[in-house]
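Proteins get letters first, then strands, A, B, ... in listed order; numbering begins at 1 in each.
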There are 2 protein chains.
Amino acid sequence: MSRPRQTVTLTADLVILTIRDGVLCVLVVERGNEPFAGRLALPGGFLRGDESLDQTAARELSEETGMNAEKLVLRQVGVYSAPDRDPRRPRVVTCAYLAIAPDLPLPAAGSDARSARWLPVAEAQRSGLAFDHDEILRDAVELARAELQFRTIATAFCGDEFTIGELHAVYEVIWGVKLDKPNFHRKVTESDGFIVPTGGKRPTPNGRPATLYRAGGATTLSPPMMRPRSTGA
Amino acid sequence: MSRPRQTVTLTADLVILTIRDGVLCVLVVERGNEPFAGRLALPGGFLRGDESLDQTAARELSEETGMNAEKLVLRQVGVYSAPDRDPRRPRVVTCAYLAIAPDLPLPAAGSDARSARWLPVAEAQRSGLAFDHDEILRDAVELARAELQFRTIATAFCGDEFTIGELHAVYEVIWGVKLDKPNFHRKVTESDGFIVPTGGKRPTPNGRPATLYRAGGATTLSPPMMRPRSTGA
DNA sequence: GCAATAGTGTCTTTAAGACAATATACT
DNA sequence: AGTATATTGTCTTAAAGACACTATTGC
């Protein structure tokens, strides 16, 4: 026990995903301070003395999006702790969280007033983020893709009321595949507790109006909705 | 930025699972120091200055079991950071790791010489562990149960060479269900890259000798081996 | 032969996938 | 009517589950 114990500061970084105009987007902020000043990064914040890291993440989420975290999906992705991931001292270790939001009006430039904005995930990955946020983003998106198979989180991308067509689009955009619409319809309506009809209908520009649904009580999908495995062509 | 940043110490705690005599067991240590002196706890250790937390976990694992972590399953379960989870100051936050080991001879009471021993998970949960380790253990076991469905981690419970009967027992013990042996046999032999025959056979006390296999190259099972969902009777 | 464990065959049931057909709106 | 979108029907295929049956050992 003679070896010194490393003390660190802890942050919660958020990967907030949403779908805008059929494109998967992530909320990014432009850093105002060093290190990486001016670069794009994931939003995040430091752990405070009276809270758990999960609470830190929930607080940051509501600061960034204005939504209360109670109703949003918020899930740990993992801990990122490479010694050189952040040049600051004491060492900064982060726990990444995945959050899923409906298509919000815009990230309210809150009291914090950082320049937060939605960026297509593909662009974020192309341009490169600060710290090890590229790796975090990649892991979080991969987690979302996997979770879509077994949990009812897809509804978190939609508003309170949504159509099966919208839910269908969520799966297609995030998985990057085409799914048969009739089969998808049967699958989600027959899955117990996934979605429940509200009674209303939403008119379409031209075409039959779609039945409206809201998220049901279930959190898991059984049987799961397996992502089509790409044929190893 | 006027609010003080909380500094913490970080630990990696290990949930090392194995199967002994058909019972799922976890490695526990008796604590020598306060807090919780004399109580049973999960093994773990503090982050050092030159390593990542994943490396801390790998180091602890090889110290406790004598196995090199390269070959063992080692996976983050989550971060546990409730402000009052540990009375020490500065605050102690832990990241729990799930490790899976074959039936080792015995935890070598290594240089560390703590009294480490295998304890059936059910007993550990009944008697209660130090800190929030009951919660960590529960989460880790639940993660193992889920991962068995989609990844090839079941082979990590077996030695280098094993029979399909042994693999079958792994699933039955961890899921706590009976699985049809003929169907299980077909399932695992037809799953690509899950197990490969070594060519050898293992004699049984009395009965037909079983073909020996070793772990194949695949890490994921496709299609997955879904855990039978308990009929909501 | 008998007991015991490993492994195969076959039938049934369930879920997934392809895709035709119908329903309900708007212009 | 014609177009567009939603929803239902039907057939085919793949996987899961039940369980009878065969195979190979020791005694």
Visitor: Measure the OG1-CZ distance between A:Thr189 and A:Phe184 for me, rounded to the nearest 0.5 Å.
Guide: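 Answer for the OG1-CZ pair, A:Thr189 versus A:Phe184, is 9.5 Å.
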
Visitor: Looking at every strand, decide which applies to A:Thr211 at a 4.0 Å heavy-atom threshold: base, sugar-phosphate, or nothing.
Guide: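 Answer is sugar-phosphate: A:Thr211 comes under 4.0 Å of backbone atoms only.
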
Visitor: To the closest 0.5 Å, what do you measure between CZ (A:Arg145) and CD1 (A:Ile174)?
Guide: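 With rounding to 0.5 Å, CZ (A:Arg145) is 8.5 Å from CD1 (A:Ile174).
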
Visitor: Just how far, in rounded Å, is C1' of C:dA15 from CD of A:Glu190?
Guide: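 Going from CD in A:Glu190 over to C1' in C:dA15 covers 10 Å.
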
Visitor: Rounded to the nearest angstrom, tell me the gap between atom CG in A:Leu167 and atom P in D:dT7.
Guide: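 In whole Å, D:dT7 P lies 12 Å from A:Leu167 CG.
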
Visitor: Would you mind telling me which of D:dT8, C:dA18, D:dA6 lies closest to the side-chain atoms of A:Asp180?
Guide: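 Closest nucleotide to the A:Asp180 side chain: C:dA18.
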
Visitor: Under 6.0 Å between ring centres: does that hold for B:Tyr171 and B:Phe157?
Guide: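 Aromatic pair excluded; centres sit 6.0 Å or further apart.
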
Visitor: Would you indicate, yes or no, if C:dA6 has its OP1 or OP2 atom less than 4.0 angstrom from a side-chain nitrogen or oxygen of B:Thr204?
Guide: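 B:Thr204 to C:dA6 OP1/OP2: no side-chain N or O under 4.0 Å.
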
Visitor: Would you say A:His185 places a side-chain N or O within less than 4.0 Å of OP1 or OP2 belonging to D:dA6?
Guide: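 For D:dA6, OP1/OP2 do not have a side-chain N/O of A:His185 under 4.0 Å.
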
Visitor: For B:Lys187 and D:dA16, is the shortest distance between a side-chain N/O and OP1 or OP2 below 4.0 Å?
Guide: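 Yes, within the criterion.
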
Visitor: Calculate, to the nearest 0.5 Å, the distance between atoms CG and CG belonging to A:Leu98 and A:Leu143 respectively.
Guide: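 Taking CG in A:Leu98 and CG in A:Leu143, the distance rounds to 5.5 Å.
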
Visitor: Spell out yes or no: do the side chain of B:Arg208 and the base of C:dA6 have one donor N/O and one acceptor N/O closer than 3.5 Å?
Guide: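 Between C:dA6 and B:Arg208, which were checked side chain against base, a qualifying N/O pair under 3.5 Å is present.
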
Visitor: Mind calculating the distance between CG (A:Leu212) and P (D:dT5) to the nearest angstrom?
Guide: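 Value for this atom pair: 17 Å.
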
Visitor: Considering only heavy atoms and no angle criterion, is a donor-acceptor pair shorter than 3.5 Å present between the side chain of A:Asn183 and the base of C:dA18?
Guide: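 Indeed there is one.
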
Visitor: Should the heavy atoms of other residues, nucleotides or ligands under 6.0 Å from CG of A:Asp160 be counted, would the total exceed 12?
Guide: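 No, not enclosed.
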
Visitor: In whole angstroms, how far is the C1' atom of D:dA6 from the NZ atom of A:Lys201?
Guide: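 Spelled out: NZ on A:Lys201 to C1' on D:dA6 is 9 Å.
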
Visitor: For A:Pro209, report the nucleic acid contact type (base, sugar-phosphate, nothing); a contact means any heavy atom under 4.0 Å.
Guide: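 Sugar-phosphate only.
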
Visitor: Can a donor-acceptor pair be found between the side chains of B:Asp13 and B:Tyr80 at a distance below 3.5 Å?
Guide: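 Result is no, nothing qualifies.
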
Visitor: Does B:Arg186 make a side-chain donor-acceptor contact with the base of D:dG17, cut-off 3.5 Å?
Guide: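 When only heavy-atom distances are counted, B:Arg186 does not reach the base of D:dG17 through any donor-acceptor pair under 3.5 Å.
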
Visitor: Distance check needed: C:dT8 P versus B:Phe184 CZ, whole Å only.
Guide: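 One finds 14 Å between P of C:dT8 and CZ of B:Phe184, rounded.
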
Visitor: Name the residue closer to the 5' end of DNA chain D, choosing between A:Ala210 and B:Pro224 according to the nucleotide with the nearest heavy atom.
Guide: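 Comparing both residues, the 5'-ward one is A:Ala210.
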
Visitor: Take atom CE of A:Met226 and atom P of C:dA16, then tell me their distance rounded to the nearest Å.
Guide: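 Answer to the nearest Å: 10 Å.
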
Visitor: Within this structure, what is the CG-to-C1' distance between B:Leu179 and C:dG7, rounded to whole angstrom?
Guide: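 These atoms are roughly 17 Å apart.
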
Visitor: Could you state the atom-to-atom distance from CG of A:Asn206 to P of C:dA23 in whole Å?
Guide: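 The distance from CG of A:Asn206 to P of C:dA23 comes to 20 Å, rounded to the nearest Å.
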
Visitor: Using OP1 and OP2 only, check whether a side-chain N or O of B:Lys181 sits under 4.0 Å from C:dA6.
Guide: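 Yes.
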
Visitor: At under 4.0 Å between heavy atoms, what does B:Pro205 touch on the DNA or RNA strands: base, sugar-phosphate, or nothing?
Guide: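 Answer is sugar-phosphate: B:Pro205 comes under 4.0 Å of backbone atoms only.
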
Visitor: Closer to the 5' end of DNA chain C via nearest nucleotide, is it A:Pro182 or B:Pro182?
Guide: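 On the 5' side of the pair lies B:Pro182.
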
